[in-house]
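What follows is a single structure, written as structure tokens, with notes after it.
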Amino acid sequence: MKSIFQHIKGDRAIWAIVAILAIFSFMPVYSASTNLVYVVGNGSTFGHLIKHIVLLIFGFAIIYGTHKIPYRYFSGGSVLMIPVVIVLLLFTLAQGTIIGGANASRWIKIPFVGVGFQTSTLAGLVLMAYVSRYLAKNKEKKIEFKESLINLWLPVGLILILILPANFSTTAIIFSMVLMLAFIGGYPLKYIGYILGMGLFGLMFFVLVAKAFPGAMPNRVNTWQSRIESFWKGDAQEDYQVEKAKIAIATGGVTGKGPGKSVQKNFLPQSSSDFIYAIIVEEYGLAGASIVIFIYFLLMFRILIAARKATTIFATLLVIGVGFPIIFQAIINMAVAVNLFPVTGQTLPLISSGGTSIWMTCFALGMILSVSASKNETEETIMDDNPLDILHETID
């Protein structure tokens, strides 16, 4: 056991929190997957549990491998990866997957593995590292808005435009996190206002175009509209998922029905992913639900500590940039389950079933642990990094 801990670097508390969330997820996923088995007719509950465990094992391997990489590589690496993720997003969008008349081009299949890969999650991580790099490099300089439009906001805009047609909630989360990072990184507040205005104008323009040419460009605008309208009006027919989630929460009480004893899991679509928190409340009650919230709060606290202890500006921004979206996503998932937020399709990190959501969360945590494990990096080593040198070192 001692030899294992010798190989694990970085914040031990984060390692422990991730392990607790992963182990806790076994029972909710096993229990909630009955909807997929008996309603959808997909596999067996034990098969879904085994798949979830395998995904988590690969996830921990990703955390371990990533936390061994010196975090300065993520700076130059982000520059190299921007064109790659743009190509991946174009390929994903070009597939033209349509579900219920809406554009759902979010995934590409990983060859030989058969697991769906949601390219927007990788794009979000790369973008956070890229924005952190830009802000760190320009921390002591006077930022010119025109220059930043090309070097900072053009890549951000391109990636968000490619994610938006199929995934509004992820686009909104990434855009919000980029703006937050820009504010923390000292980007002029006046310019942030300009970018926010441009972003809102771009969204309105997209909605108008999508409405004007619904046949030429299948989209999810009608889905967004119906979800928002049903949220405000409380339309039971449109909000079937939310109504079943409410029943699950209401019958859970203080202590819950007990592990595996949920009734609503048999009726609630996406009960093992998007609405797994409702099943947790039903089976483990208010006590179990509160513990889950506390664990995510603890993770946020450790992320802030890792950011505070970081020895470079890039490291601080990187930890916040890749760490806060995990917490933000968890808050949104739980808020949707208790009907405080319209349905978005965001999973509960490390607890919900799903492949790339788990893996990209683990990749982000590995980046944070890489920062917390490093004590020798200086501002000069980060500022002097060259993407081509990093590529050469990686190949060697």
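Quantities reported herein were computed from a predicted structural model and do not represent experimental measurements.
Closest non-hydrogen pair, Gly124 versus Ile174, comes out as CA-CD1, 3.8 Å. Of all heavy-atom pairs spanning Pro70 and Ser370, the tightest one is C-OG, 3.9 Å. Listed here is the closest heavy atom pair of Ile159 and Ala123: CG2-CB, 3.9 Å. The two residues Ala278 and Ala337 make their nearest non-hydrogen contact at N-CB, 4.0 Å. Across Ile303 and Val319, no two heavy atoms sit closer than the pair O-CG1, 3.4 Å. Taking all atoms of both residues into account, the shortest heavy-atom contact from Thr66 to Ile62 is OG1-O, 2.7 Å.
Both Phe26 and Val29 sit in one connected hydrophobic cluster of ILVMFWY residues. Membership requires side-chain heavy atoms under 4.5 Å apart, directly or through other members. Under a hydrophobic clustering in which Ile, Leu, Val, Met, Phe, Trp and Tyr are joined whenever their side-chain heavy atoms come within less than 4.5 Å, directly or via other members, Ile82 and Leu154 fall into the same cluster. Under a hydrophobic-cluster definition in which Ile, Leu, Val, Met, Phe, Trp and Tyr are linked whenever side-chain heavy atoms come within less than 4.5 Å, directly or via other members, Leu152 and Ile161 are assigned to different clusters. Hydrophobic clustering (side-chain heavy atoms under 4.5 Å, transitive across Ile, Leu, Val, Met, Phe, Trp, Tyr) groups Ile276 together with Phe46. In terms of hydrophobic clustering, with Ile, Leu, Val, Met, Phe, Trp and Tyr side chains grouped at heavy-atom distances under 4.5 Å, Leu350 and Val54 are assigned to a common cluster.
Between the side chain of Ser372 and the backbone N or O of Asp11 there is at least one donor-acceptor pair closer than 3.5 Å. Side-chain N or O atoms of Thr251 include one that pairs as donor or acceptor with a backbone N or O of Ala248 at under 3.5 Å. Of the possible polar contacts, none joining the Asp274 side chain to the Asn333 backbone as a donor-acceptor pair under 3.5 Å is found. A donor-acceptor contact shorter than 3.5 Å is absent between the side chain of Ser374 and the backbone of Val371. For Tyr130 (side chain) and Pro155 (main-chain N/O), no donor-acceptor pair under 3.5 Å exists by modelled atom type. Glu283 contributes a side-chain N or O that, together with a main-chain N or O of Gly260, makes up a donor-acceptor pair within less than 3.5 Å.
Taken from CE in Met128 to CG in Leu318, the straight-line distance is 10.5 Å, to the nearest 0.5 Å. If you take NZ on Lys137 and CZ on Phe314, they are separated by 10.0 Å, rounding to the nearest 0.5 Å. To the nearest 0.5 angstrom, Leu317 atom CG is 5.0 Å from Leu181 atom CG. One distance of note links CD1 of Ile192 with CG of Leu179; it measures 6.5 Å at 0.5 Å rounding. How far CD1 of Ile50 is from CD1 of Ile57: 8.5 Å, rounded to the nearest 0.5 Å. To the nearest 0.5 Å, the span separating CG on Leu21 from CG on Leu299 amounts to 7.0 Å.
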Subject >> Derivation of the side-chain contact (heavy atoms from CB on, under 4.5 Å) call for Ile320 and Met180 >> reply: CA-CA 9 Å; Ile320 294 172; Met180 183 190 75; 3.6 Å; yes
**OP:** Begin with the C-alpha distance, continue with both residues' side-chain angles, and end with the deciding distance and a verdict on side chain to side chain donor-acceptor pair (under 3.5 Å) for Ser31 and Ser262.
**Re:** CA-CA 8 Å; Ser31 176; Ser262 166; 5.5 Å; no
Original post:
Can you check side-chain contact (heavy atoms from CB on, under 4.5 Å) on Met81 and Leu122, steps first, answer last?
Top reply: CA-CA 10 Å; Met81 284 299 295; Leu122 174 63; 4.3 Å; yes
Original post:
Between Ser75 and Arg133, does a side chain to side chain donor-acceptor pair (under 3.5 Å) hold up when you go through it step by step?
Top reply: CA-CA 6 Å; Ser75 174; Arg133 170 191 169 88; 3.1 Å; yes
**OP:** Quick one: do Val178 and Leu160 satisfy side-chain contact (heavy atoms from CB on, under 4.5 Å)? Show the steps, please.
**Re:** CA-CA 11 Å; Val178 168; Leu160 292 179; 6.0 Å; no
Original post:
Can you list the steps and then say if His48 with Ser353 is a side chain to side chain donor-acceptor pair (under 3.5 Å)?
Top reply: CA-CA 8 Å; His48 284 290; Ser353 61; over 6 Å; no
**OP:** Dump the intermediate steps for side-chain contact (heavy atoms from CB on, under 4.5 Å) on Met177 and Leu127, then the final yes or no.
**Re:** CA-CA 10 Å; Met177 292 296 106; Leu127 208 52; over 6 Å; no
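Contact check for Leu196 versus Phe175: side-chain heavy atoms found under the 4.5 Å cut-off. A 4.5 Å side-chain heavy-atom check between Asn167 and Gln346 finds at least one atom pair inside the cut-off. At a threshold of 4.5 Å between non-hydrogen side-chain atoms, the residues Thr255 and Leu286 do not count as touching. Ser357 is not listed as a side-chain neighbour of Gln118, based on a closest heavy-atom distance of 4.5 Å or more. Side-chain atoms of Tyr296 and Ile351, non-hydrogen and from C-beta on, do get closer than 4.5 Å to each other. For the pair Ile143/Tyr134, a side-chain contact is recorded, criterion being any heavy-atom separation below 4.5 Å from C-beta on. In this structure, the side chains of Leu49 and Ser33 stay at 4.5 Å or more apart for every pair of heavy atoms. Looking at heavy atoms from C-beta onward, Ile195 lies in side-chain contact with Met198 at the 4.5 angstrom threshold.
The six-membered or imidazole ring of Phe24 lies near that of Tyr284, with a centre-to-centre distance under 6.0 Å. Aromatic ring centres of Trp153 and Tyr187 lie closer together than 6.0 Å.
No more than 12 heavy atoms of other residues, nucleotides or ligands shown are found within 6.0 angstrom of CZ on Phe301. Within a 6.0 Å radius of OH in Tyr64, other residues, nucleotides and ligands contribute more than 12 heavy atoms.
In this structure, Lys257 pairs ionically with Glu282, as a charged nitrogen and a carboxylate oxygen lie closer than 4.0 Å.
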